[in-house]
Amino acid sequence: MPAIRPIKINFGKDATEEMWKWVEETTEYWYARTKRFREEKLKEFARLYKGTPAKDFCDIPWPGASNIEIQIIASNSDNLLARVMSMYLTDPLWTAKIYGDIAAGAGDDQRSAVEKFLGNMALDPAELDFYRVEEAWFSSTIRNGTGIIKFPWLYNVETQYVSTGESDTAANKYEMKDVIRFDGPWPENVPLNKFLTDISYQKLEDSKFKCHIMTCSRKTLEDKKALKFFKDEDLDAIIAQPDRSQADVLQNY
C-alpha cells in the first residue's frame, strides 16, 4: 500500500482541551440519546432474523399451540446477501482506464497490471481483506438498514533477531531489528450497537461526530500500553477505574 502516514497536528493547549471537552460531552449526549436503539431495537431486529418466538409459551388459539416461527426474514436476507457478494466473481474486480493521446493498445500491459494489483490488494487477507469485511457490512445493511466500516491506519512493527552476515552460520553476528509488518489502511466493521453519531443528519458523511465504542479488557489495555498505541498516563487512568470487576465478568459465563 502507498506509504502515506497520518500526521498529528498540535492545536495548542487551550484548543486541545476545548476539543476533548466537546468530544466527551457529545459522546455522553448521543450515548444516552441512542441507548434505546442500541439496546432494544437492534436486539429486536436480531430476534426477528433468528426467528426466535416472542414468547416461550404460546396460548393462542389454545394453550400449548405450536410456537414455530417461519424463517422468512433470514431466508430473504441471506438470499439477498449471496446476490450482492456475487460481485466478487467479477474479473477484474476493478477496472482501470488509460487517458491521454496514445496509440490504440498502448499501455494495455500497465492497465492490466494495475487491475490485477487492485484485485489482489482487495482480496488478500493480509491487506484489505474486503471479502470478509464487506460480507459483514452488507449483512448488517440488509438486516438493520445500514452498516458501518471504519478505515483506521494500522502501523505494526515487530522486533526480530536477525543476522548481520550474508549466510546463517555460527560466525555471524546477530542484532535486534524493527521490521514493519504492516503500514496502511485496515478496514474493519463497527457493530451498530457500538457506533454513535449525530443522527440529526440525513447523510452520515455530513455528521461532524462519529464514535466507535470499544470494550477492552484489562489485558487488552495493558497490551496497547506495551505497544505504545496511546499515552501511558491515559491508559493507566482507565485501568485504575474499570467499569466492571473481574467477579462481574466471570459471573456472565
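Quantities reported herein were computed from a predicted structural model and do not represent experimental measurements.
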key: Pairwise salt bridge (charged side-chain N to carboxylate O under 4.0 Å, His left out) hits with a residue in residues 46-55, at least two apart   = E44-R47
key: By salt bridge (charged side-chain N to carboxylate O under 4.0 Å, His left out) - contacts of E135 (at least two apart)   = none
key: In one Ile/Leu/Val/Met/Phe/Trp/Tyr side-chain cluster, 4.5 Å: I142, M87   = yes
request  = Please go through I148's hydrophobic cluster and name the other residues, only I, L, V, M, F, W, Y counting, with side-chain heavy atoms under 4.5 Å joining them.
outcome  = F37, L42, F45, V190, L192, F195, L204
message = Could you go through N193 and K43, starting from their C-alpha distance and side-chain angles, then the distance that decides it, and tell me whether this counts as side-chain contact (heavy atoms from CB on, under 4.5 Å)?
response = CA-CA 9 Å; N193 64 335; K43 288 184 178 180; over 6 Å; no
query = Is the CZ atom of F151 crowded by more than 12 outside heavy atoms at less than 6.0 Å?
reply = yes
message = Could you tell me if the side chain of L93 sits less than 4.5 Å from the side chain of F130, heavy atoms only?
response = no
note = Heavy-atom nearest pair, L128 first then P185, reads CD2-O, 3.8 Å
task = List for me each residue that meets ring-ring contact (aromatic ring centres under 6.0 Å, His included) alongside W137, sequence neighbours excluded, and say none if there are none.
result = none
Show me the donor-acceptor pairs within less than 3.5 Å that the side chains of residues 107-116 make with the rest of the protein, sequence neighbours left out.
unit_1: R111; atom_1: NH1; unit_2: E115; atom_2: OE2; d: 3.3
unit_1: E115; atom_1: OE2; unit_2: A96; atom_2: N; d: 3.0

Donor-acceptor pairs are to be reported for all side-chain atoms of residues 22-30 against protein atoms at under 3.5 Å, with residues two or more places apart or in another chain.
unit_1: T26; atom_1: OG1; unit_2: W22; atom_2: O; d: 2.6
unit_1: T27; atom_1: OG1; unit_2: V23; atom_2: O; d: 2.7
unit_1: Y29; atom_1: OH; unit_2: R33; atom_2: NH1; d: 3.0

request  = Might you work through the side-chain contact (heavy atoms from CB on, under 4.5 Å) test for C216 and K224, ending with a clear yes or no?
outcome  = CA-CA 10 Å; C216 298; K224 291 181 180 294; 4.3 Å; yes
Set of salt bridge (charged side-chain N to carboxylate O under 4.0 Å, His left out) partners for D234, sequence neighbours left out = none
message = For Q71, is there any backbone N or O sitting under 3.5 Å from a side-chain donor or acceptor partner on S75?
response = yes
Co-membership, hydrophobic cluster, residues Y49 and V84, 4.5 Å side-chain = no
K194 side chain to H212 side chain, donor-acceptor N/O pair below 3.5 angstrom = no
query = Looking only at heavy atoms, what is the nearest atom pair of T95 and P92, with distance?
reply = CG2-CG, 4.0 Å
key: Short side-chain donor-acceptor distance under 3.5 Å, D129 and W186   = no
inquiry  = Suppose we screen for salt bridge (charged side-chain N to carboxylate O under 4.0 Å, His left out). Which residues come up paired with R83, at least two apart in sequence or across chains?
reply    = none
inquiry  = Between K210 and E205, does any NZ, NE, NH1 or NH2 come within less than 4.0 Å of an OD or OE carboxylate oxygen?
reply    = no
ask   = Among the clusters formed by ILVMFWY side chains lying less than 4.5 Å apart, do L118 and L89 turn up in the same one?
value = no
note = salt bridge (charged side-chain N to carboxylate O under 4.0 Å, His left out) filter on E17, not counting sequence neighbours, yields none
Interatomic spacing from CG in N79 to CG in L81 - rounded to 0.5 Å = 9.5 Å
ask   = Got V133 and I149 here, is their nearest side-chain heavy-atom distance under 4.5 Å?
value = yes
message = Are D183 and I180 packed together at the side-chain level, in the sense that at least one heavy-atom pair is separated by less than 4.5 angstrom?
response = yes
note = Students should find that the hydrophobic cluster of I70, defined by side-chain heavy atoms under 4.5 Å apart, otherwise consists of I72
ask   = F182 and E127: side-chain contact (heavy atoms from CB on, under 4.5 Å), yes or no, with the steps?
value = CA-CA 8 Å; F182 193 90; E127 293 294 339; 3.9 Å; yes
ask   = Has D56 got more than 12 heavy atoms of other residues, nucleotides or ligands less than 6.0 Å from its CG?
value = no
key: Ion pair D236/K225, N-O distance below 4.0 Å   = yes
ask   = Can you tell me if N144 uses its side chain to pair, donor with acceptor, with the backbone of T146 under 3.5 Å?
value = no
ask   = Taking the side chain as C-beta and beyond, is there a heavy-atom pair between I239 and E222 under 4.5 Å?
value = yes
inquiry  = Using the ring-ring contact (aromatic ring centres under 6.0 Å, His included) criterion, which residues pair with Y88? Sequence neighbours excluded.
reply    = Y131
query = In terms of side-chain heavy atoms, does S207 have a donor or acceptor partner in T197 at a distance below 3.5 Å?
reply = yes
note = Contacts of E39 meeting side chain to side chain contact (heavy atoms under 4.5 Å, CB included) (sequence neighbours excluded), chain-then-number -> K35
inquiry  = Rounded to the nearest 0.5 Å, what separates atom CD in E158 from atom CZ in R181?
reply    = 5.0 Å
request  = Considering non-hydrogen atoms only, spot the tightest contact between S140 and G147 and give its length.
outcome  = OG-CA, 3.8 Å
task = Group every Ile, Leu, Val, Met, Phe, Trp and Tyr by side-chain heavy-atom contacts under 4.5 Å, then state whether F209 and Y201 land in the same group.
result = no
